[in-house]
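Report on the following structure.
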Amino acid sequence: MRINKVILKVLIAGFFIPTFCLGQNPVVQTYYTADPAPMVHDGTVYLYTSHDEDSTVNNFFTMYDWRCYSSTDMVNWTDHGAVASLKNFAWSKRENGAWAPQCIERNGKFYLYVPIHGEGISVLVADLPTGPFTDPIGKRLIDSDHIWQDIDPTVFVDDDGQAYLYWGNPGLWYVKLNEDMVSYDRSLGQNGVVSVEMTTEAFSSQQGRDGKTRASYTEGPWFYKRNNQYYMVYAAKGIPEYIAYSTAPTPEGPWTYRGLIMERAPHLAFTNHAGIIDFAGNSYFFYHDQSLSEGQGFKRSVSVEQFTYNPDGSIPLIVPTKEGIKESISFLNPFRKVEAETMAWSEGLKTAKDNLTGNIYVTKIDDGDYIKVRSADFNKNPKKFAAGVASVSAGGQIEIRIDGFDGELLGVLEVKSTGGDINWVEKACKVKKVKGVHDIYFVFKGGKGELFNFDWWQFK
Ligand code: FUB
């Protein structure tokens, strides 16, 4: 019994210790991210997330905006910053409550469905997946009489063009969206809102604290179709939450409970929230944990695991890991201009947005911080390394290494003051020959305090 406790402690510690990139989870290290909503569009995965602030207010979810990240290889993610926030809704007075989003494309427009906790579900629209998003209707979308339960929207457009928006905690509701995606068919249910029957067959059941039997379904639905079967994946069993799923032969049910997908684990938060995609022939399960904040449930982080459906379409039990995605599905070209905010792992850094130009860059760079970029294909020998940098201070250096934080040193880029923290200057240095596929490490060196900002890089 004692040994078991010791082992458990070691296991928990193992998840919370900074690992110098032994793993790939969580996906984002520069911010706390939660409620993953992946969207595949045009050969790219766009990962929309909610965002737990670094400072938690009143020991509750402190969430003001929604962020977006993208990847074409599933290991390097480009930060697109906060793509929408509560400020997008001029009619809303809420200063907190930017909870779980989902974005979907239809006819070249991107619709971002978001809950404002306490003010129901709303929609934003943009011409690009990364925004800018605007409010097309100037009011909440879901006009129900259970506004506090209207959270966690999930949306899917079926093959016949009919779009469905499901949501809810602890109930599950849906509307049939009209083709414009910003209104819905009012002829169904109650003023258009259909309440799903929460039977044991559909969503399993459990005994609540009050002794009453209720559905295991809790919140965070993720609705999609695969091989003519409709899936509803959701957080279940109350707090702490497990991830479970049900399937149905039609988008409107009847639902059949199919089992658990993710059980509890020491580094998972008291909430969990899933998003599932197929991309480049693989299946991916996104969820959130509290590994980055070392156990703080209001500071969560999105993680991802690859999995394989069983031949009958059922989803296996997925174990949350530190390793995450083992293989990148394509190689990164280091001879193209790469945004500095494209990274597989980083420590000590933040990203920031230049509000005038929308440009995202890496900031808060201190001595010893680093960025890891995975699977760069040096199909020819580079001679030079160039980067866009800016600094108000004395600057510092970027050590360019491969395959480890203290791996082979290819070169050192000196960064001096450029007279402003976004006064971007191109700097270059010579680099050693290197061939083949390598992980690149940018290790930042310098004196005390913030050294410089980093916008892009390129081998030449
Ligand atoms: O992130 C706030 C809430 O926590 C979400 O809406 C729920 O799904 C849970 O993850």
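Note that ligands are numbered from 1 as they come in the structure, with each ligand's atoms numbered from 1 the same way. What you see below is based on every heavy atom in this structure, not just the backbone, and it leaves out hydrogens, waters and symmetry mates.
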Look at the side chain of [X] and the backbone N and O of [Y], then say whether any donor-acceptor pair between them is shorter than 3.5 Å.
X	Y	answer
S204	A202	no
T62	V57	yes
D160	Q162	yes

Among all protein heavy atoms, pick out the one at the shortest distance from atom 9 (C) of ligand 1; state its residue, atom name and that distance to 0.1 Å.
E219 OE2, 3.4 Å
shortest atom 1 (O) of ligand 1-to-protein heavy-atom contact is with D35 OD2, 2.5 Å
For ligand 1, which atoms sit closer than 4.0 Å to a heavy atom of [X]?
X	value
M63	1 (O), 2 (C)
F61	4 (O)
R300	1 (O), 2 (C), 4 (O), 9 (C), 10 (O)
T271	4 (O), 9 (C), 10 (O)

Please confirm whether H288 approaches ligand 1 to less than 4.0 Å, judged on its heavy atoms.
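Contact check H288 vs ligand 1: positive.
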Are [X] and [Y] within salt-bridge range, i.e. N to O under 4.0 Å?
X	Y	value
R140	E119	no
D289	R300	no
K299	D54	no

Would you give me the side-chain donor-acceptor pairs under 3.5 Å for residues 215-222, sequence neighbours excluded?
residue: S216; atom: OG; partner: Q206; partner atom: OE1; Å: 3.4
residue: Y217; atom: OH; partner: G168; partner atom: O; Å: 2.6
residue: T218; atom: OG1; partner: S216; partner atom: O; Å: 3.0
residue: T218; atom: OG1; partner: K237; partner atom: N; Å: 3.3
residue: T218; atom: OG1; partner: G238; partner atom: N; Å: 2.9
residue: E219; atom: OE1; partner: N169; partner atom: ND2; Å: 2.8
residue: W222; atom: NE1; partner: I276; partner atom: O; Å: 3.0

With heavy atoms under 4.0 Å as the rule, classify the contact between H117 and ligand 1 as side chain, backbone, both or neither.
neither
Heteroatom proximity flag, W99 to ligand 1, N/O under 3.5 Å:
no
Taking N or O atoms only and a 3.5 Å limit, does S50 qualify as a polar contact for ligand 1?
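No.
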Are side-chain heavy atoms of Q24 and R374 found at a separation under 4.5 Å?
yes
Heavy-atom proximity to atom 6 (O) of ligand 1 ranks first, among N272, N169, T218, D152, for D152
